[in-house]
Visitor: 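Below you will find the structure I want to go over with you.
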Amino acid sequence: MRTWIDVAHLAKTKNLQGGFVVRSAAGLPFLLEEGIEVAFVPPALDAPRRARVETVVPSGEQAAVVTFDIVRDIDTAEKLAGCHCLVRRADLPEGVLDAPEADWAGWQVRDACAGMLGMVASIEEMPGQMMLEVAAPDGRAILIPLVDEFVVEVDEDARLIEVDVPSGLLDL
């Protein structure tokens, strides 16, 4: 089991004082809170690699405006925009990482190009990232990396997960 887990994405800078619009990682609730230590990945040249969350101002269910203790200006923030925030598993509330599988089991998954792929069978923790396991109608299992770049929308009312995966990934 990995010590660090990707919980958020620094979507864009917010202000001249180094604030960010931060979105939760796909399938997770917003988990950053004041005082928690984060590691920024991929590492940016001439930018901090770790920081502590200083303030969190919610901006919807899956996003917030966040400041970090050592990011004090727009220049530093711009170097980190687009990075992901990893936190130690031990710093997260117990059971929070178990929630997506219970919530998404049986949901339909549709790809932007390939159309309906099947139903969520489980969420698997792999060494590099979480993977959405989809049971296809033909009986095969399709693994889709559970990352913001591939998960386009999660429609709770329709119990549907919209994805847009690179061509060829579904053939693996």
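For the single chain, residues carry numbers from 1 onward in sequence order. The structure displayed is predicted, hence computed values, not measured ones.
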Visitor: Just wondering, do L169 and P145 contact through their side chains at under 4.5 Å, heavy atoms?
Guide: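 In contact.
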Visitor: Can you tell me how far apart NE2 (H84) and NE2 (H9) are? Round to the nearest 0.5 Å.
Guide: 4.5 Å
Visitor: Taking all non-hydrogen atoms of both residues into account, name the closest pair between G118 and P137 and its distance.
Guide: CA-CD, 4.2 Å
Visitor: For the residue pair P42 and C83, what are the closest heavy atoms and their distance?
Guide: O-SG, 3.4 Å
Visitor: Membership question, hydrophobic clusters at under 4.5 Å side-chain separation (ILVMFWY): are V151 and M119 in the same one?
Guide: no
Visitor: Considering residues at least two apart in sequence or located in another chain, which fulfil the side chain to side chain donor-acceptor pair (under 3.5 Å) criterion with T55?
Guide: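 Scan of T55 (side chain to side chain donor-acceptor pair (under 3.5 Å), adjacent residues dropped) gives T67.
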Visitor: Do L80 and F68 have side chains that get closer than 4.5 Å, going by heavy atoms?
Guide: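 The answer is no, as the side chains (C-beta and beyond) never meet within the 4.5 Å cut-off.
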Visitor: Which other residues end up in the same hydrophobic cluster as I74, if Ile, Leu, Val, Met, Phe, Trp and Tyr are linked when side-chain heavy atoms come under 4.5 Å apart?
Guide: L16
Visitor: Going by salt bridge (Lys or Arg N to Asp or Glu O under 4.0 Å), name the pairs with one or both residues in residues 68-80, residues two or more places apart or in two chains.
Guide: E54-R72
Visitor: Can you list, by chain and residue number, the hydrophobic cluster partners of L160 when the side-chain cut-off is 4.5 Å?
Guide: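 For the cluster that includes L160, the remaining residues are M116.
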Visitor: Cluster partners of V21, using ILVMFWY side-chain heavy atoms under 4.5 angstrom, listed by chain and number?
Guide: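 None, because no other hydrophobic side chain comes under 4.5 Å of this residue.
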Visitor: Donor-acceptor check, side chain of R110 to backbone of E162, threshold 3.5 angstrom: yes or no?
Guide: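 Absent.
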Visitor: Kindly indicate whether the side chain of E156, heavy atoms from C-beta on, has any atom under 4.5 Å from the side chain of W107.
Guide: yes
Visitor: As an exercise, state the distance from CD1 of I161 to CD of E153, rounded to the nearest 0.5 Å.
Guide: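 Result: 11.0 Å between the selected atoms.
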Visitor: Show the nearest heavy-atom pair for residues S24 and P29, with the distance to one decimal.
Guide: CB-O, 3.6 Å
Visitor: To check you understand the geometry: which heavy-atom pair defines the closest contact between A81 and T13, and what is its length?
Guide: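 Closest pair (atom of A81, atom of T13, distance): CB-CG2, 4.3 Å.
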Visitor: Taking atom CG of D91 and atom CH2 of W4, what is their separation to the nearest 0.5 Å?
Guide: 7.5 Å
Visitor: What I'd like to find out is whether the side chain of F20 reaches to under 4.5 Å of the side chain of V65, using heavy atoms alone.
Guide: no
Visitor: Transitively linked via ILVMFWY side-chain contacts under 4.5 Å: V154 with L146?
Guide: yes
Visitor: Could you state the interatomic distance from CD1 (I123) to CD (E133), rounded to the nearest 0.5 Å?
Guide: 10.5 Å
Visitor: Same hydrophobic cluster for I36 and V71, using side-chain heavy-atom links shorter than 4.5 Å among ILVMFWY?
Guide: yes
Visitor: Judged by atom type as modelled, is there a donor-acceptor pair below 3.5 Å linking the side chain of D111 to the main-chain atoms of L117?
Guide: no
Visitor: Could you please spell out the steps behind the side chain to side chain contact (heavy atoms under 4.5 Å, CB included) verdict for V56 and F30?
Guide: CA-CA 10 Å; V56 176; F30 195 84; 3.9 Å; yes
Visitor: Please report the shortest heavy-atom distance between V22 and A8, naming the atom on each side.
Guide: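 Scanning both residues, the minimum pair turns out to be CG1-CB, 3.6 Å.
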Visitor: Hey, what do you get for CG (L170) to CD1 (I144), rounding to the nearest 0.5 Å?
Guide: 6.0 Å
Visitor: Of all residues at least two apart in sequence or in a different chain, which pass the side chain to side chain donor-acceptor pair (under 3.5 Å) check with R88?
Guide: E37
Visitor: Can you see which heavy atom on A63 is nearest to which on R23, and at what distance?
Guide: CB-NH1, 3.6 Å
Visitor: With heavy-atom distances below 4.5 Å as the criterion, would you say the side chains of C85 and L10 are in contact?
Guide: yes
Visitor: What do the steps show when you test V87 against L31 for side chain to side chain contact (heavy atoms under 4.5 Å, CB included), and what is the final call?
Guide: CA-CA 9 Å; V87 299; L31 296 171; 5.9 Å; no
